[in-house]
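Just so we're on the same page: letters track the sequence lines, and every chain starts at 1.
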Protein chains: 2
Amino acid sequence: MLSKKTKYGLKALTYIAKSDSDAPVQVGEIAKSEKIPQKFLESILLTLRKSGFLGSKKGKHGGYYLIKETSEIKMTDVLRVLEGPIAMVPCVSLNFYEKCDDCLDEHECSVHKLMIQVRDNTLKVLRDNTLEDLAG
Amino acid sequence: MLSKKTKYGLKALTYIAKSDSDAPVQVGEIAKSEKIPQKFLESILLTLRKSGFLGSKKGKHGGYYLIKETSEIKMTDVLRVLEGPIAMVPCVSLNFYEKCDDCLDEHECSVHKLMIQVRDNTLKVLRDNTLEDLAG
DNA sequence: TGTAATCCCTAGTAAGTTGATAGGATTAAT
DNA sequence: ATTAATCCTATCAACTTACTAGGGATTACA
């Protein structure tokens, strides 16, 4: 299941991407429009800023803005920051790999075989979709 | 993330599918061989029996056995029983659909659009893979 | 008929995660 | 100065997960 955090984060990014004005977009505005608890959204946007997706401006008339082209923000990258691993088991994760305790040889594990396929297909979708696609 | 429950369930099904003897396979044997806590595995196999994947024989020399051809046991079906919805958000789930609180029109939701694609690709993999593929 | 082996069933529980909320510090425009 | 915004830390209730405990019911076999 996708966490609310990720869902809210994606919606907020989409909202910012769609705003055509040059002015930074305020958390309060996004929260109200997308029905997201404001304080929760604050922490999410902070994460997105710290991981290089957003820039921010403090103080009055402050807010958040994109610092990359929408076409350069891949869903794989966003998901990994907000949700963590994309793979369904750590032993098939590219970025968060961990060995299983119970498998002697993971190449003989039926679950491993299956989850590799799921991962590859999911990755393909998430790599092909950028924020441009979400906002478009 | 795939739960241990599902992972253990899949491993157990694979183990049973691979056992060539006609005799039912015992929980203790699977647990030992696959390094799964026995009591936990008991409850998982019980679930699989109640949902029609396994039959069981009680008493001495009892155990579990498949009641369908391995080629007829689709991963979608197993996953739905052990893990629940395959979709990452309820609003794109075929079998566990729920409307989002925060979306007025889900066809305009960027997350919805993306997750439909993920779901379709995952479903394809899970439908194409049967227990025969896992055990083979 | 007794006993050991096996599945069946219900309850409980510690640890971790999620989805927030609270309260304020800091910064910038007016 | 005042106001409006981001920034930061701490806290917390509810839920989920991954078990564990304790036994009941059933069957094979001596």
field: C:dA5 OP1/OP2 closer than 4.0 Å to side-chain N/O of B:Lys58
entry: no
field: B:Gln38 or A:Leu46, whichever maps to the more 5' nucleotide of DNA chain D
entry: A:Leu46
query: OP1 or OP2 of C:dC9 sitting under 4.0 Å from any side-chain N/O of B:Lys50?
result: yes
query: C:dT17 P sits how many Å from A:Met1 CE, rounded?
result: 19 Å
query: Base, sugar-phosphate alone, or nothing: which one does A:Gly59 contact when heavy atoms must sit under 4.0 Å apart?
result: base
field: DNA chain C: 5'-proximal contact among A:Ser43 and A:Lys57 (nearest heavy atom)
entry: A:Ser43
field: Atom of A:Lys74, atom of A:Arg127 and distance for their closest heavy-atom approach
entry: CD-O, 3.6 Å
task: Can you tell me the distance, in whole Å, between the NE2 atom of B:His61 and the C1' atom of C:dT6?
output: 10 Å
query: At under 4.0 Å between heavy atoms, what does A:Gly28 touch on the DNA or RNA strands: base, sugar-phosphate, or nothing?
result: nothing
query: What is the distance, rounded to the nearest whole Å, between atom NZ of B:Lys4 and atom P of D:dT20?
result: 12 Å
message: From CD1 of B:Ile44 over to P of C:dC8, roughly how many Å is that when rounded to an integer?
response: 14 Å
query: What nucleotide among D:dA28, C:dC9, C:dA28 has an atom nearest to a side-chain atom of B:Glu42?
result: C:dC9
task: Using a 4.5 Å cut-off on heavy atoms from C-beta on, say whether the side chain of A:Thr122 contacts that of B:Thr122.
output: yes
message: To check you understand the geometry: which heavy-atom pair defines the closest contact between B:Arg49 and B:Ser56, and what is its length?
response: CD-OG, 3.4 Å
- prompt: Counting only distance, no hydrogens or angles, is the base of D:dG23 paired donor-acceptor with the side chain of B:Lys39 under 3.5 Å?
  reply: yes
message: Heavy atoms only, 4.0 Å cut-off, all strands: where does A:Lys7 land among base, sugar-phosphate and nothing?
response: nothing
query: Between D:dA4 atom C1' and A:Glu29 atom CD, what is the distance in whole Å?
result: 14 Å
Interatomic distance where CD belongs to A:Glu83 and C1' belongs to C:dT18 [whole Å]: 11 Å
task: Can you figure out which of D:dA18, D:dT26, D:dT20 approaches the side chain of B:Pro37 most closely?
output: D:dT20
field: Atom pair CG/OH of A:Leu41 and A:Tyr15 - distance to nearest 0.5 Å
entry: 11.0 Å
C:dC7 base / B:Gln26 side chain donor-acceptor hit below 3.5 Å: no
query: Could you state the interatomic distance from CD1 (B:Ile73) to CG (B:Asp133), rounded to the nearest 0.5 Å?
result: 11.5 Å
query: Counting just side-chain N and O atoms, does A:Ser56 come under 4.0 Å of either OP1 or OP2 of D:dC7?
result: yes
field: Residue-phosphate contact under 4.0 Å: A:Tyr8 side-chain N/O, C:dA20 OP1/OP2
entry: yes
message: Can you tell me which nucleotide in D:dC8, D:dT6, C:dT21 comes closest to the side chain of A:Phe40?
response: C:dT21
field: C:dC8 phosphate, OP1 or OP2, under 4.0 Å from B:Tyr64 side-chain N/O
entry: yes
- prompt: Could you state the CG-C1' distance from B:Leu2 to D:dT16, rounded to the nearest angstrom?
  reply: 15 Å
B:Ser3-B:Glu83 side chain donor-acceptor pair, cut-off 3.5 Å: yes
field: Candidates D:dT3, D:dT27, D:dT6 - which lies nearest the side chain of A:Lys60
entry: D:dT3
- prompt: What's the CG-C1' distance between A:Asp102 and D:dA18, to the nearest Å?
  reply: 13 Å
